[in-house]
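Structure, as structure tokens:
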Amino acid sequence: MVRITFPDGSVREYENGITGLQIAEQISPKLAKEVYSATVNGEVRDLTRPITADSTIKLHKWDDEEGKHAFWHSSAHLLAGALELLYPGIKFGIGPAVESGFYYDVDPGEGKVITDTDLPAIESKMKELAAGNLVYSRKEVSKKEALEIFTKKGDEYKTELISELEDGTISLYSQGDFTDLCKGPHLPSTEPLKAIKLLSVAGAYWRGNENRKMLTRIYGITFPKQKLLDEYLVFLEEARKRDHRKLGRELELFTFSPKVGMGLPLWMPKGAELRQNLISFMTKVLKKRGYKIVATPHIGNVNLYKTSGHYEKYGKDSFQPISTPQEGEQFMLKPMNCPHHCEIFNATPHSYKDLPLRMAEFGTVYRYEQSGELHGLTRVRSFTQDDAHHFCRPDQLKDEFKSIIDLVQFIFKAVSFEEFTAQISLRDPDNKDKYIGTDENWEKAERAIIEAAQEKNLQTTVVPGEAAFYGPKLDFMVKDALGRKWQLGTIQVDYNLPERFDLSYNGSDNQKHRPVMLHRAIFGSMERFVAVLIENSAGKFPLWLAPEKAVILPISEKFNDYAGKVLEILNNSDICTLIDERSEKIGKKIRDNELKRIPYLLIIGEKEVENGTISVRKQGEGDKGSMKIEEFVSFINDEIKKEIAV
RNA sequence: GCCGAUGUAGCUCAGUUGGCCAGAGCAGCUGAUUUGUAAUCUGCAGGUCGGGGGUUCGAAUCCCUUCAUCGGCUCCA
């Protein structure tokens with residue numbers, strides 16, 4: 001007998017060799033149908049593997065990550081099985097479960113291609129196979145055997161993987177006639193794979209290495225119920241509707257021109273207004289929090305970047321230096337603002353009493369992204385960071401961190417990203433040589449971040465090994481209205497630049513000391529942030545951000561005079577308002593302006609002229625009744641004040 | 001950069017196996033209408049079919065090349 005301990009602490013005895021699936025069946029047949037994998041003594045395993053010792057067990061259903069993982073991983077094998085039938089001689093790379101769904105990387109063979117038009121046929125084959133309720137069976141083999149099997153098959157990618165594995169740990173999984181090298185775990189059978197959808201095909205380098213062969217990656221997703229798949233497809237559709245590239249064009253926020261250059265965003269008037277609203281707001285907040293605004297040029301002497309180290313590290317892959325008529329003189333488009341800021345710091349002597357010094361700039365930087373990496377506003381070659389650098393004493397590090405966390409929380413709240421997570425990236429404890437700076441400083445900095453996060457009640461995950469070579473960092477990820485995660489703000493400790501630029505301040509001992517530098521951005525970049533805002537709000541911006549706050553819709557041209565007066569009052573009250581004087585019917589005007597996502601529609605007809613009022617209609621909500629003009633002005637101002645209580 | 005797909009009017013899309021002056025809706029401009037809470041009617045204009053080269057009697061359609069866009073490019077068997 002074996003003693004099995006359940007997550008709730010209860011203990012039951014079972015026959016030696018019982019499986020997770022059998023345990024589930026004994027609890028209830030319904031449960032047995034809903035479980036996909038089990039964690040036994042901390043190890044995620046197949047449900048069908050016998051348990052031969054006293055163990056703790058947790059059964060995983062769809063709602064658990066582990067359950068989904070097994071579900072999708074098994075789906076990837078099903079995809080591979082279907083591909084092997086349809087494309088004899090196809091070779092397999094890897095086929096893991098991912099955050100939503102799974103993929104398989106395959107090599108269809110010389111001269112053969114798989115395109116998205118082939119997906120429906122592959123999908124049907126998968127459905128056909130799944131309907132056969134194929135059992136996933138596990139077999140452990142020696143390294144030698146595994147190599148033989150896959151060498152015989154001609155699967156060079158698999159043999160490469162196997163050759164890197166330890167002998168004695170190799171397992172194979174089969175369903176139907178298809179066998180794959182796999183660690184598992186898998187579902188007991190294909191029975192739960194009810195809803196199957198192949199989503200896209202893409203190229204992917206073998207092992208992510210651009211010097212190696214490009215394989216064909218097929219993405220798919222599966223669900224235990226058709227309804228869940230339908231919901232997922234609706235979600236994808238909704239995401240497509242919110243695509244900032246589509247909305248950016250429709251709402252006339254920004255554009256790109258091949259004549260200007262790819263990846264170089266052009267802000268149109270409305271987009272620029274939105275961007276400016278963000279910048280004004282942020283500037284006001286920064287000034288209140290002791291930041292000094294600076295401004296620096298878009299280029300810098302190449303020697304500046306040799307000093308900073310950026311030239312050596314990124315020089316080859318960036319925009320190339322600009323030569324001048326002066327022999328040997330070269331400038332670079334600035335890829336970051338920090339070197340310029342360091343020189344501002346160096347321009348004046350500093351006492352320990354002056355620190356921390358917080359230097360902020362909406363600095364436009366230029367980075368040469370590979371053409372295939374460009375994507376709307378989120379991946380561009382020119383962008384404006386809401387950049388700032390804190391120059392502080394080592395003993396101020398933690399307080400500075402806290403002040404920035406506080407600022408991030410404040411700003412995210414103002415732009416209604418209520419839900420966000422944070423990640424602390426520390427250095428790899430086994431590989432300390434990669435990093436610059438003393439052990440003592442690193443420990444101090446890492447401790448400062450962790451404590452600051454704790455003291456600000458910030459929910460964080462800590463990831464060792466993810467730090468930059470020059471210091472640990474804290475990144476913020478917001479969750480948008482569709483539950484998607486976006487990385488925005490970041491705070492990074494830097495011991496490198498103060499050294500390279502020989503920054504110093506006079507301490508109370510009248511000796512020179514090295515300040516610590518913090519890089520930080522909250523929006524990240526204006527481009528990226530606006531993209532996230534658009535996708536989060538579907539273009540329905542909060543009032544304070546909306547480039548146009550209201551539009552006046554006269555019922556007929558007879559009321560244009562009065563409309564003009566209202567327009568003047570509102571615009572003089574700093575409420576950016578337009579007027580729709582077309583000789584269209586009111587229904588049409590309402591529709592068109594609703595589609596433009598203008599927050600308030602002000603309807604004016606005979607009644608309004610007589611009473612000196614306007615009829616207010618809120619976008620998406622409908623008629624709000626009539627108001628005096630001054631009433632509306634204070635109504636709008638109140639709403640904006642409520643939105644951004646600085 | 002690489003793999004695959006796509007590129008027709010400002011936007012969304014038609015355009016059969018290569019064959020009459022390349023079409024539609026929306027947007028734009030005309031004119032009429034003067035309208036009360038999500039689409040009034042009329043007319044007009046708008047395109048070197050991404051650019052270049054080729055095959056052909058003939059190319060939006062086939063081939064080559066180039067540019068741009070889209071999906072991706074280790075969440076390790």
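Chain naming here is simple, since letters A, B, ... match the order of the sequence lines and numbering starts at 1 in each.
Which of B:A38, B:G36, B:A77 sits closest to the side chain of A:Ile170 comes down to B:A77. Nearest to the side chain of A:Ile586, among B:U69, B:U37, B:A77, sits B:U37. Of all nucleotides listed (B:G36, B:A38, B:G1), B:G1 comes nearest to the side chain of A:Tyr205. Listed nucleotides: B:U34, B:C73, B:C75. Nearest to the side chain of A:Glu557: B:U34. Among the nucleotides B:C2, B:C73, B:A38, the one closest to the side chain of A:Leu595 is B:A38. Each of B:U37, B:G71, B:G4 was ranked by its minimum atom distance to the side chain of A:Asp116; first place goes to B:G4.
If you check every strand for non-hydrogen atoms under 4.0 Å, A:Glu369 touches nothing. Contact annotation for A:Lys585: base contact, defined as any heavy-atom pair under 4.0 Å involving a base atom. The residue A:Glu584 sits close to a base: some heavy atom pair falls under 4.0 Å. Here A:Ala202 lies in heavy-atom contact (under 4.0 Å) with a base. Here A:Ile603 lies in heavy-atom contact (under 4.0 Å) with a base. Using a 4.0 Å heavy-atom distance criterion, A:Gly587 is classed as a sugar-phosphate-only contact. Contact annotation for A:Arg217: backbone-only contact, meaning every heavy-atom pair under 4.0 Å involves sugar-phosphate atoms and none involves a base. Within the 4.0 angstrom heavy-atom criterion, base atoms lie near A:Ser583. As judged by a 4.0 angstrom heavy-atom cut-off over every strand, A:Glu606 is placed among the base-contacting residues. Looking at heavy-atom distances under 4.0 Å, A:Ser371 makes contact with a base. Heavy atoms of A:Ile94 sit under 4.0 angstrom from primed sugar atoms or phosphate atoms, though from no base atom. Using a 4.0 Å heavy-atom criterion, one finds that A:Thr169 contacts the bases of the nucleic acid, with or without backbone contacts as well. Among the atoms of the strands shown, base atoms are found under 4.0 Å from some heavy atom of A:Leu165. Counting non-hydrogen atoms under 4.0 angstrom, A:Ser615 reaches a base of the nucleic acid.
Of the side-chain N and O atoms in A:Lys607, none sit less than 4.0 angstrom from OP1 or OP2 of B:G36. In terms of phosphate contacts, A:Tyr219 brings a side-chain nitrogen or oxygen within less than 4.0 Å of OP1 or OP2 of B:C73. Taking side-chain N and O atoms only, A:His69 has no distance below 4.0 Å to OP1 or OP2 of B:C75. Distances shorter than 4.0 Å separate some side-chain N or O of A:Lys183 from OP1 or OP2 on B:A77. Between A:Arg249 and B:G10 there is no side-chain N or O to OP1 or OP2 distance below 4.0 Å. The phosphate of B:C29 has neither OP1 nor OP2 within less than 4.0 Å of any side-chain N or O from A:Arg582. Contact annotation: A:Lys588 side-chain N/O to B:A27 OP1/OP2 distance is under 4.0 Å.
Spacing between atom CE of A:Met262 and atom P of B:C70 amounts to 9 Å, rounded to whole angstrom units. Here B:G71 presents its C1' atom at 13 Å from CG of A:Leu236, a figure rounded to the nearest Å. Rounded to an integer number of Å, the gap from CH2 of A:Trp206 to P of B:A77 is 10 Å. Spacing between atom CZ of A:Arg591 and atom P of B:A27 amounts to 9 Å, rounded to whole angstrom units. Rounded to an integer number of Å, the gap from OH of A:Tyr104 to C1' of B:C75 is 16 Å.
Note on A:Glu639 versus A:Lys618: salt bridge recorded, some NZ/NE/NH1/NH2 to OD/OE distance being below 4.0 Å. Checked for salt-bridge contact, A:Glu369 and A:Arg367 miss the test: no charged N lies under 4.0 Å from a carboxylate O. Remark: A:Arg217 engages A:Asp105 in a salt bridge, criterion side-chain N to carboxylate O under 4.0 Å. A:Asp63 has no carboxylate O lying under 4.0 Å from a charged side-chain N of A:Lys61, or vice versa, which leaves the two without a salt bridge. In summary, A:Glu160 and A:Arg212 engage in a salt bridge, as defined by a charged side-chain N under 4.0 Å from a carboxylate O. In summary, A:Asp480 and A:Arg242 do not engage in a salt bridge, as defined by a charged side-chain N under 4.0 Å from a carboxylate O.
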**Message:** Please evaluate residues A:Tyr136 and A:Tyr173 with respect to the criterion ring-ring contact (aromatic ring centres under 6.0 Å, His included), reporting the C-alpha separation (whole Å), side-chain torsions for both, the decisive distance (0.1 Å), and the verdict.
**Reply:** CA-CA 6 Å; A:Tyr136 288 93; A:Tyr173 278 81; 7.7 Å; no
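Rounded to whole Å, the P atom of B:A59 lies 14 Å from the corresponding atom of B:G52. Between the P atoms of B:A5 and B:C64, the separation comes to 12 Å (whole Å). If you take atom C1' in B:U30 and the same atom in B:U66, they sit 42 Å apart, rounded to whole Å. Atom name C1', nucleotides B:A24 and B:C63: the rounded distance is 31 Å, in whole Å.
The side-chain contact (heavy atoms from CB on, under 4.5 Å) test with A:Tyr104 singles out one residue from A:Leu215, A:Ile218, A:Asp180, and that residue is A:Asp180.
The pairing partner recorded for B:C62 is B:G54, the criterion being a Watson-Crick or G-U wobble arrangement whose two distances lie under 3.5 angstrom. The nucleotide B:U74 finds no pairing partner, because no Watson-Crick or G-U wobble arrangement with both distances shorter than 3.5 Å includes it. Pairing for B:U6 is with B:A68, a Watson-Crick or G-U wobble pair whose two hydrogen-bonding atom distances lie under 3.5 Å. Of all nucleotides present, none satisfies the Watson-Crick or G-U wobble test against B:A27 with each distance under 3.5 Å. Checking B:U42 for Watson-Crick or G-U wobble geometry (two distances, each under 3.5 Å) identifies no partner in any strand.
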